[in-house]
Peer 1: 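I have a structure I would like to understand better, so I am pasting it below and will then ask my questions one at a time.
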Amino acid sequence: MHLVNPSDNSFGTAVITPRWLFVLAAATPAEASDPILVDESLEQIVTESIAAGDIVGISVHTGNALRGYQVGKMARERGAWVVYGGIHATLFPEEALERGHAHAVVKGDGDIAWGKVVRDCLAGAPRRIYEGGRIEGSQFLAARWDLMPPEKYMWASVQTIRGCPKHCSFCSVWRTDGQQPRQRRFHSVIDEIVALRRIGFRFIALADDNFYPVTLTDLRLAKQQNNVAKLEELTAIRAERFQLMAELAKLPRDMVFFTQITMEAAEDGEYLDAMRKANIKGALVGVEAVTPEGLKAVYKDWNCSGDALAKQLQTFKKHGVHVLGSFIFGLPTDRPATFDATVEMALKAGVTFAQFVMMTPFPGTVDFGRWEKEQDKHPTLVGDVPITRYWMIPTETRPKMFTPHPTMSSDEIRERTQKVWDRFYSWGSVWRRSACTPNLRARVAFIFLSKLYRQMYAGTGISTDSARRKKSKRWARWTAAQCKKLFRARPMPELRSPDWPEEVIRPHGQSVVVGRSAALQGNELSVLR
Ligand code: B12
Ligand code: SF4
């Protein structure tokens, strides 16, 4: 059994663990052997490692679908069972079956469905499609971290919540994962983090869609509408968040967590303080645009602009939570002046890191639906591939932008975006920002990480110049190897999870989590002990 995380770009070291690999390993039933995990962002898969009768599980998001399909084709030719999952396969199961040479595709969550697929493959009769659905937070599996090569990753990833109540036009999360937050029980999250700290991980990304699922406005509205059931539900979600943060705060003080959150959390000092105490030292905040028109264009007009925006971002920092501001370029409302205005806002607001991404219509989003409809009337082809299937265009010829802008060419947007990255991550700016670190070692780590981030993203992702891309890749490979050492911590095999009382594990006398086999619980327990 092999689980493959496809990638065209192998750096030998990766920043964050691809969580799905270790979760599916935990979902693998006892009848099958422990899977061989292949993360191609480290090294490419070795063809000869696949034998007839093997089961090969491949995860695809839109960006790596083409590489994933190449791996699937190769595995099928060698006589293996080929199964796809992940967001892209969920949205395009037929494509994975045809172009990816799949025997089977799992739509939605794999925690429970994977066991069934594996048993069917072992019996020689997999179905074409499995509906993994959206499972409850209490059913999310703990990852098999015992199968991870710890020396290869800087950060581990642990998920605490799935889904997001918002509905941004460029995002598919609320459509695929739902608007109802699905929250994992806090004790299960803590057990997993303890397992990671025991093996020497102190940097952990909380791989959540939105760490602030209930706003004060949501609570106020439910109260005003006298909606008792809603109010109880929201209050319970919020209480569980605080419980999680209170327990995180009891973990060794050298732990550093990072998450993703909406800007609204700036309204809630109590929440931000709890985050700081919990050692959640940073969060990706989707700023997206700095003008009201831009925010309206992405259905995010609940975000602030202008001075109010700078103030909101500064509020995070005042409460001890660093911000990785995420900005989008290429919105129809953008003009040449928007680029400078954006980087100036990022600098003025004092965000610690920033990413400037180019507008990409991801499948499953409102933007994609609109674009596909427009393209239906006058289809654009690149080679023989419709542009609305851009992920099928070979990487070398794939355009960097897909949707035309009303006033700027794609090249102009790309070049201006590149300049913004260069300005934000200039040595001078990085040096000034690195002053937020507590000691020299941390300062060095900060500088390396800033430069690595810039190279990995802007150097290899945005640049069209192949010489520059190659140089960036070499640089990123070297920097990643240096960074890795700075993130390593002394293992703490002596660390123990709290002995959770029965009412924490099974509130209201709940029986064991539904749908999990005894074998799975065995796997999970072996990791946690
Ligand atoms: C954490 C996260 C990140 C982190 C960490 C990435 C990492 N190395 O793990 C960071 C911030 C670095 C990141 C970066 C990016 N991300 Co991101 N990320 C996420 C997030 C919030 C959670 C992913 C996660 O770890 N989930 C936990 C695991 C357990 O869940 P899972 O991967 O979905 O797997 C489950 C099922 O899908 C299924 N499954 C998955 N694979 C397989 C395989 C098989 C065989 C089977 C049977 C089942 C199965 O079973 C699993 C268990 O239930 C998702 C949102 C989401 N809800 O998925 C976005 C998401 C995946 N990211 C997205 C995007 C766009 C990006 C970026 C391109 C953003 C950017 N513009 O730079 C980059 C690309 C990075 C890259 N090259 O991979 C999009 C992808 C959209 C798409 N159609 O492809 C998502 C869906 C968010 C969104 N806004 O729509 N991301
Ligand atoms: S972009 Fe963020 S806030 Fe908007 S729907 Fe997606 S996860 Fe939610």
Side-chain angles (χ1 to χ4, degrees), residues 3-9 14-24 26-27 39 41 55-65 68 82-92 96 102 104-118 130 132-135 139-141 143 153 155-159 161-179 205-210 212-213 258-264 284-286 288 298-300 302-303 324 326 328 355-365 368 391 453 456-457 461:
L3 294 174
V4 188
N5 190 48
S7 176
D8 281 324
N9 266 335
V15 180
I16 306 180
T17 51
R19 182 169 173 79
W20 79 271
L21 273 182
F22 308 97
V23 169
L24 273 219
D39 179 2
S41 61
I55 301 171
V56 180
I58 305 166
S59 181
V60 279
H61 57 80
T62 301
N64 69 0
V82 175
V83 186
Y84 286 87
I87 177 141
H88 193 82
T90 298
L91 292 164
F92 294 100
V105 173
V106 173
K107 289 170 70 181
D109 297 334
D111 308 54
I112 294 171
W114 181 237
K116 172 93 185 104
V117 181
V118 171
Y130 292 79
R134 291 179 196 154
I135 58 171
Q139 295 173 298
F140 292 179
L141 291 185
Y153 297 96
W155 292 66
S157 53
V158 174
Q159 197 171 39
I161 195 161
R162 270 195 149 206
C164 175
K166 303 293 169 194
H167 56 271
C168 305
S169 71
F170 56 85
C171 176
S172 54
V173 161
W174 56 284
R175 288 181 147 183
T176 50
D177 287 299
Q179 289 183 288
L206 301 176
D208 300 329
D209 299 316
N210 179 0
Y212 188 59
F258 177 86
T259 191
Q260 314 200 97
I261 203 163
T262 52
M263 198 143 43
E264 294 156 305
L284 184 150
V285 176
E288 328 304 359
V298 294
Y299 298 2
K300 210 157 179 166
W302 37 271
N303 262 6
L324 188 171
S326 181
I328 305 179
Q355 63 178 27
F356 307 95
V357 304
M358 292 200 296
M359 172 69 197
T360 305
F362 281 109
T365 63
F368 185 88
W391 53 89
Y453 197 58
M456 271 185 165
Y457 202 97

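Ligands are counted one by one from 1 in listed order, and the atoms in each one are counted from 1 as well. All heavy atoms count here, side chains included; hydrogens, waters and symmetry mates do not.
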Peer 1: Is there a side-chain contact between Val56 and Val4, using heavy atoms and a 4.5 Å cut-off?
Peer 2: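 Yes. Closest side-chain heavy atoms under 4.5 Å.
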
Peer 1: To the nearest 0.1 Å, how far is atom 89 (N) of ligand 1 from its closest protein heavy atom, and which atom is that?
Peer 2: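 Sorting protein heavy atoms by distance from atom 89 (N) of ligand 1 puts Cys171 SG, 3.5 Å first.
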
Peer 1: For Gly108, is the nearest heavy atom under 4.0 Å from an atom of ligand 1?
Peer 2: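 It does; at least one heavy atom falls under 4.0 Å.
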
Peer 1: Of all the non-hydrogen atoms in the protein, which one sits nearest to atom 34 (O) of ligand 1, and at what distance?
Peer 2: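 Here the closest protein heavy atom is Trp20 CB, 3.6 Å.
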
Peer 1: Side chains of Phe92 and Trp391: does their closest heavy-atom pair fall under 4.5 Å?
Peer 2: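 They are in contact (side-chain heavy atoms under 4.5 Å apart), so the answer is yes.
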
Peer 1: In terms of residue, atom name and distance, what is the protein heavy atom nearest to atom 20 (C) of ligand 1?
Peer 2: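 Minimum-distance protein heavy atom for atom 20 (C) of ligand 1 reads Asp209 OD1, 4.2 Å.
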
Peer 1: If we count only N and O atoms by modelled type, under 3.5 Å, do the side chains of Asn9 and Ser7 hold a donor and an acceptor together?
Peer 2: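 There is no such pair (donor and acceptor under 3.5 Å, judged by atom type) between the side chains of Asn9 and Ser7.
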
Peer 1: Run down the list Arg19, Arg175, Arg162, Gln159 and name the one with the heavy atom closest to atom 31 (P) of ligand 1.
Peer 2: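 When every heavy atom of Arg19, Arg175, Arg162, Gln159 is considered, Arg162 comes closest to atom 31 (P) of ligand 1.
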
Peer 1: Specify the protein heavy atom at minimum distance from atom 39 (N) of ligand 1: its residue, its atom name, and the distance to 0.1 Å.
Peer 2: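 Protein heavy atom with the smallest distance to atom 39 (N) of ligand 1: Gly86 N, 3.5 Å.
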
Peer 1: Could you find the nearest protein heavy atom to atom 61 (C) of ligand 1 and give me its residue, atom name and distance?
Peer 2: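 Answer for atom 61 (C) of ligand 1: Ile87 CG2, 4.9 Å.
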
Peer 1: Does any N/O atom on Pro18 come nearer than 3.5 Å to any N/O atom on ligand 1?
Peer 2: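 No - when backbone and side-chain N and O of Pro18 are compared with those of ligand 1, no distance drops under 3.5 Å.
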
Peer 1: With a 4.0 Å cut-off on heavy atoms, does Thr17 reach ligand 1?
Peer 2: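 Heavy atoms of Thr17 do come under 4.0 Å of ligand 1.
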
Peer 1: Counting non-hydrogen protein atoms only, what is the nearest one to atom 57 (N) of ligand 1? Give residue, atom name and distance.
Peer 2: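 The closest one turns out to be Asp177 OD2, 2.7 Å.
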
Peer 1: Can you find a heavy atom in the side chain of Thr176 that is under 4.5 Å from one in the side chain of Leu91?
Peer 2: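 Yes - at least one pair of side-chain heavy atoms lies under 4.5 Å apart.
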
Peer 1: Is atom 49 (C) of ligand 1 less than 4.0 angstrom from some protein heavy atom?
Peer 2: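 It does; a protein heavy atom is within 4.0 Å.
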
Peer 1: Just so I know, are the side chains of Phe368 and Ser172 near enough to count as touching, which here means a heavy-atom distance under 4.5 Å?
Peer 2: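 Side chain of Phe368 against side chain of Ser172, heavy atoms only: no contact under 4.5 Å found.
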
Peer 1: What's the shortest distance from atom 19 (C) of ligand 1 to any protein heavy atom, and which residue and atom give it?
Peer 2: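 Nearest neighbour among protein heavy atoms for atom 19 (C) of ligand 1, to 0.1 Å: Gln260 NE2, 4.3 Å.
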
Peer 1: Taking the side chain as everything from C-beta on, heavy atoms only, tell me whether Trp302 gets closer than 4.5 Å to Met263.
Peer 2: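 No, too far: nothing below the 4.5 Å cut-off.
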
Peer 1: Leaving waters out, which protein N, O or S atoms fall under 2.8 Å from atom 4 (Fe) of ligand 2?
Peer 2: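 The answer, once waters are left aside, is Cys168 SG.
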
Peer 1: Just verifying a value: how many Å separate Cys171 SG and Lys166 NZ, rounded to the nearest 0.5 Å?
Peer 2: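 Answer rounded to 0.5 Å: 12.5 Å.
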
Peer 1: Which of the listed options, Tyr453, Tyr153, Phe362, holds the heavy atom that is closest to atom 68 (C) of ligand 1?
Peer 2: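 The option holding the nearest heavy atom is Phe362.
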
Peer 1: Quick one: CG on Asn5 to CZ on Phe22, what's the gap to the nearest 0.5 Å?
Peer 2: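 Result: 9.0 Å between the selected atoms.
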
Peer 1: At the 4.0 Å heavy-atom cut-off, does Gln355 count as touching ligand 1?
Peer 2: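 Under 4.0 Å: no for Gln355.
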
Peer 1: Under 3.5 Å between some N or O of ligand 1 and some N or O of Thr62?
Peer 2: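 Thr62 vs ligand 1: N/O contact under 3.5 Å present.
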
Peer 1: Please confirm whether Ser157 approaches ligand 1 to less than 4.0 Å, judged on its heavy atoms.
Peer 2: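 For ligand 1, residue contact (heavy atoms, under 4.0 Å) with Ser157 is absent.
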
Peer 1: Identify the closest protein heavy atom to atom 52 (C) of ligand 1: which residue and atom is it, and at what distance?
Peer 2: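 The answer is Asp111 OD1, 3.1 Å.
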
